[in-house]
Amino acid sequence: MKTRWPGLMMAAMLAGCQPPTTVDDAWVRLPAVPGRPAAAYAILSPGSSDDALIGITTPAAGRVELHESMNGHGGMAGMRPLQRLPLPRDRTAALKPGGAHAMLFDLTGDLRAGGTIPLTFRFDRQGDVTVAARLVGAGDPVPE
């Protein structure tokens with residue numbers, strides 16, 4: 001009887017070598033009016049395996065929701081909630097103004113432009129990835 005053990009070990013080792021999902025250039029647009037929500041953006045790269053963003057958390061907000069901007073009836077802009085954002089392998093996705101983004105409700109602490117807050121991105125396959133997101137003032141230019 002021929003064993004498949006070496007082949008199975010090689011497959012397991014290669015599976016562990018796949019590049020992880022990464023989060024880059026995370027930033028948060030602070031609200032112009034106190035008490036209103038902030039919006040979070042970032043560049044997401046799933047590596048060589050399909051993944052999905054399934055949530056974001058931060059100690060700087062009471063709750064965080066994933067949303068997608070859309071044009072409604074009569075050209076009115078609006079948002080709809082997203083339960084997950086699919087991330088096809090080897091493609092970069094962006095949480096950006098006018099597209100998919102996160103809304104941070106019930107902000108806590110003394111949040112000021114120029115500072116940072118931790119954002120934990122929860123992925124279906126990768127798990128949690130925590131990054132420091134730059135805080136940008138309501139009237140400041142969009143980071144590049």
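Scope of the values below: all heavy atoms of this structure, side chains included, with no hydrogens, waters or symmetry mates. Numbers here are sequence positions counted from 1.
Taking 4.5 Å as the limit, some side-chain heavy atom of F123 sits within range of a side-chain heavy atom of V23. Put simply, the side chain of L95 reaches to within 4.5 Å of the side chain of L53, judged on heavy atoms. Taking the side chain as every heavy atom from C-beta outward, V28 and L111 never approach each other to under 4.5 Å. A heavy-atom distance below 4.5 Å is found between the side chains of S49 and R125. Residues D24 and L44 are not in side-chain contact: their nearest non-hydrogen atoms beyond the backbone lie 4.5 Å or more apart.
The salt bridge (charged side-chain N to carboxylate O under 4.0 Å, His left out) contacts involving residues 79-88 comprise E68-R80, R84-D124, where partners must be two or more places apart or lie in separate chains. Sorted by first and then second residue, the side chain to side chain donor-acceptor pair (under 3.5 Å) pairs with a member in residues 97-116 read D110-R112; sequence neighbours excluded.
Rounded to the nearest 0.5 Å, atoms CH2 (W27) and CD1 (I43) are 10.5 Å apart. In this structure, OG in S45 is found 15.0 Å from CZ in R89, a value given to the nearest 0.5 Å. Between R63 atom CZ and M103 atom CE the span is 9.5 Å, to the nearest 0.5 Å.
Under the rule for a side-chain contact (heavy atoms from CB on, under 4.5 Å), the partners of A93 that lie at least two apart in sequence or sit in another chain are L87. By the side-chain contact (heavy atoms from CB on, under 4.5 Å) test, D90 pairs with S48, sequence neighbours left out.
Here the closest non-hydrogen pair linking R29 and Y41 is CB-CE1, 4.2 Å. The two residues L107 and A38 make their nearest non-hydrogen contact at CD1-CB, 4.0 Å. Summarising the geometry of P86 relative to A52, their closest heavy-atom pair is CA-CB, 4.1 Å, with the distance given to 0.1 Å. Residue A100 comes nearest to L82 through the heavy atom pair CB-CD1, 4.2 Å, listed as atom of the first residue, atom of the second, then distance.
D51 contributes no side-chain N or O that, together with a main-chain N or O of T21, makes up a donor-acceptor pair within less than 3.5 Å.
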What pairs of donor and acceptor atoms, side-chain ones from residues 127-143 against any protein atom, are under 3.5 angstrom apart with sequence neighbours left out?
{"unit_1": "D128", "atom_1": "OD1", "unit_2": "R122", "atom_2": "NE", "d": "2.8"}
{"unit_1": "D128", "atom_1": "OD1", "unit_2": "R122", "atom_2": "NH2", "d": "3.4"}
{"unit_1": "D128", "atom_1": "OD2", "unit_2": "R122", "atom_2": "NH2", "d": "2.8"}
{"unit_1": "T130", "atom_1": "OG1", "unit_2": "T120", "atom_2": "OG1", "d": "2.8"}
{"unit_1": "D140", "atom_1": "OD2", "unit_2": "G137", "atom_2": "N", "d": "3.0"}

Pairs under 3.5 angstrom only: tabulate donor-acceptor contacts from the side chains of residues 54-62 to other protein residues two or more places apart or in another chain.
{"unit_1": "T58", "atom_1": "OG1", "unit_2": "A60", "atom_2": "N", "d": "3.2"}
{"unit_1": "T58", "atom_1": "OG1", "unit_2": "P118", "atom_2": "O", "d": "2.6"}

